[in-house]
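So the structure is just underneath, and the comments pick up after that.
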Amino acid sequence: MSLFPFLIAMALFVFGLWLMSVADVVIGFEAIVFLGGILCASAALAIPINVLGRRESGI
C-alpha cells in the first residue's frame with residue numbers, strides 16, 4: 001500500500017471518529033452527524049480493502 005492512499009484513508013477514519021464523538025454536541029443534527037461519521041469510517045476501511053487490493057494484485 002502506497003503512502004498517499006494510506007494517509008487519505010487514515011484521515012477519513014480519524015475524521016469519522018471525530019464526527020461520531022461530536023454528534024451529541026450538535027443540537028438538532030445528531031443523527032445526521034453520527035451517520036456521516038459512520039460513512040467516513042466505512043469509506044476509510046473500504047479504500048484499502050477494495051480499491052488498493054485490486055490495484056496491487058494486478059486485476
Side-chain angles (χ1 to χ4, degrees):
M1 185 166 156
S2 61
L3 183 64
F4 184 68
F6 172 75
L7 291 177
I8 295 295
M10 183 59 78
L12 263 177
F13 186 73
V14 170
F15 182 65
L17 290 179
W18 179 78
L19 279 177
M20 287 187 270
S21 69
V22 300
D24 60 343
V25 179
V26 182
I27 306 298
F29 298 104
E30 295 93 351
I32 295 171
V33 173
F34 191 79
L35 182 64
I38 290 176
L39 291 176
C40 283
S42 299
L45 292 175
I47 289 172
I49 292 172
N50 292 324
V51 176
L52 296 177
R54 287 190 203 135
R55 189 178 73 183
E56 291 179 1
S57 67
I59 295 176

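Ala41 approaches Met20 most closely through the heavy-atom pair CB-CE, 4.2 Å. Contact detail for Gly16 and Cys40: the closest heavy-atom pair is CA-CB, 3.7 Å.
Clustering ILVMFWY residues whenever any of their side-chain heavy atoms sit less than 4.5 angstrom apart, transitively, puts Leu12 in a cluster other than the one holding Leu35. The cluster map of Ile, Leu, Val, Met, Phe, Trp and Tyr, joined by side-chain heavy atoms under 4.5 Å apart, puts Val14 and Leu3 in the same cluster.
Listed by first then second residue, pairs satisfying ring-ring contact (aromatic ring centres under 6.0 Å, His included) with a partner in residues 10-44 read Phe15-Trp18, not counting sequence neighbours.
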